[in-house]
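Structure first, then comments.
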Amino acid sequence: MALFMIGVGAGCSKPQGAGLAGDPASIGDPAMGKALIEKLGCGSCHVIPGILNAYGMVGPPLEHMARRQYIAGMLRNTPENMVNWLRYPQKVVPGNAMPDLGISDDDAHQIAAYLATLQ
Ligand code: HEC
């Protein structure tokens, strides 16, 4: 029992929200990211937890994005790689169904911060 308690304690000492994708607050502002995701209409292609009307079935669901190992099966799931993917999906996987949406570096950081909250 004592060992079990130690195990649980160690698990909880991880900073909250810091998954493979990084600590959301150190990437950007998740609340701004959420607003951008709604404005840009990402939900027309993706199921995204916490986003209004995000039921799209074109791309993969973005739930658990904070804990995924890879982005689009190509890039390690780091904050820098997520920003790069969001800005230039056609450069990463030419011809895939996600268009380059002309997202600025700043906006991509806010969006990546929101995705990093999706445990
Ligand atoms: C026209 C449809 C479309 C739109 C709009 C779109 N996506 Fe995608 N998205 C896709 C497709 C298709 C893939 C899969 C690409 C691949 O794996 O090659 C994808 C992949 C992704 C991935 C990687 C998912 C994974 O499981 O690895 C993320 C993250 C993502 N999109 C976020 C966004 C965000 C945020 C927006 C809005 C700024 C957005 N997408 C807009 C179609 C779209």
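Order of listing sets the numbers, starting from 1, for every ligand and every atom in it.
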Problem set entry | atom 32 (C) of ligand 1 - nearest protein heavy atom and its distance | L62 CD1, 3.6 Å
For this session: Please report the C-alpha distance between I111 and L40 in whole Å, then the side-chain angles of each, then the deciding distance to 0.1 Å, and finally whether the side-chain contact (heavy atoms from CB on, under 4.5 Å) criterion is met.
Result: CA-CA 10 Å; I111 295 169; L40 291 164; 3.8 Å; yes
Exercise. Is the closest heavy atom of M82 to ligand 1 under 4.0 Å?
Worked result: yes
For this session: Examine the proximity of ligand 1 to I111 and report which part, side chain or backbone, both or neither, has a heavy atom under 4.0 Å away.
Result: side chain
Problem set entry | Any side-chain heavy-atom pair of I51 and C42 under 4.5 Å | no
Problem set entry | Top protein contact for atom 10 (C) of ligand 1, by heavy-atom distance | M98 CB, 3.3 Å
For this session: Could you tell me the residue and atom name of the protein heavy atom closest to atom 13 (C) of ligand 1, and the distance to it rounded to 0.1 Å?
Result: P60 CD, 3.6 Å
Problem set entry | Under 3.5 Å donor-acceptor, N77 side chain and R67 backbone | no
Problem set entry | Side chain to side chain, Q69 and R76, heavy atoms closer than 4.5 Å | yes
For this session: Give the residue, atom name and distance (to 0.1 Å) of the protein heavy atom nearest atom 1 (C) of ligand 1.
Result: C45 SG, 2.7 Å
Seminar exercise, completed: The protein heavy atom nearest to atom 26 (O) of ligand 1 is R68 NH1, 2.9 Å
For this session: Check ligand 1 against I103 and write out every atom of the ligand that is under 4.0 Å from a heavy-atom position of the residue.
Result: 38 (C)
For this session: Could you tell me whether ligand 1 has any atom less than 4.0 Å away from a heavy atom of V92?
Result: no
Problem set entry | Side-chain (Q90) to main-chain (G95) donor-acceptor, under 3.5 angstrom | yes
Exercise. Evaluating non-hydrogen atoms only, which member of S44, C42, A72, P89 is closest to atom 37 (C) of ligand 1?
Worked result: C42
Problem set entry | Euclidean distance, E38 CD relative to I48 CD1, rounded to 0.5 Å | 9.0 Å
Exercise. Does any non-hydrogen side-chain atom of Y114 lie less than 4.5 Å from one of L36?
Worked result: no
Problem set entry | Protein heavy atom at shortest distance from atom 11 (C) of ligand 1 | G59 CA, 3.7 Å
Exercise. For ligand 1, which part of W85 has a heavy atom less than 4.0 Å away: the side chain, the backbone, both, or neither?
Worked result: side chain
Exercise. Are W85 and I103 grouped together when hydrophobic residues (ILVMFWY) are joined by side-chain heavy atoms under 4.5 angstrom apart?
Worked result: yes
Problem set entry | V83 with L118, same ILVMFWY side-chain cluster at under 4.5 Å | no
Problem set entry | pair R68-M82: side-chain heavy atoms closer than 4.5 Å | no
Exercise. Is there side-chain contact between V47 and E63, with at least one heavy-atom pair below 4.5 Å?
Worked result: no
For this session: Looking only at N, O or S atoms, find the one in H46 nearest to atom 8 (Fe) of ligand 1 and name it.
Result: NE2
For this session: Give the residue, atom name and distance (to 0.1 Å) of the protein heavy atom nearest atom 12 (C) of ligand 1.
Result: A97 CB, 3.6 Å
For this session: Quick one: look up the protein heavy atom nearest atom 15 (C) of ligand 1 and list residue, atom name and how far away it is.
Result: N96 OD1, 3.4 Å
Seminar exercise, completed: In ligand 1, the atoms that come under 4.0 Å of a heavy atom of Y70 are 27 (O)
Seminar exercise, completed: Logged contact type for M74 with ligand 1, heavy-atom cut-off 4.0 Å, is neither
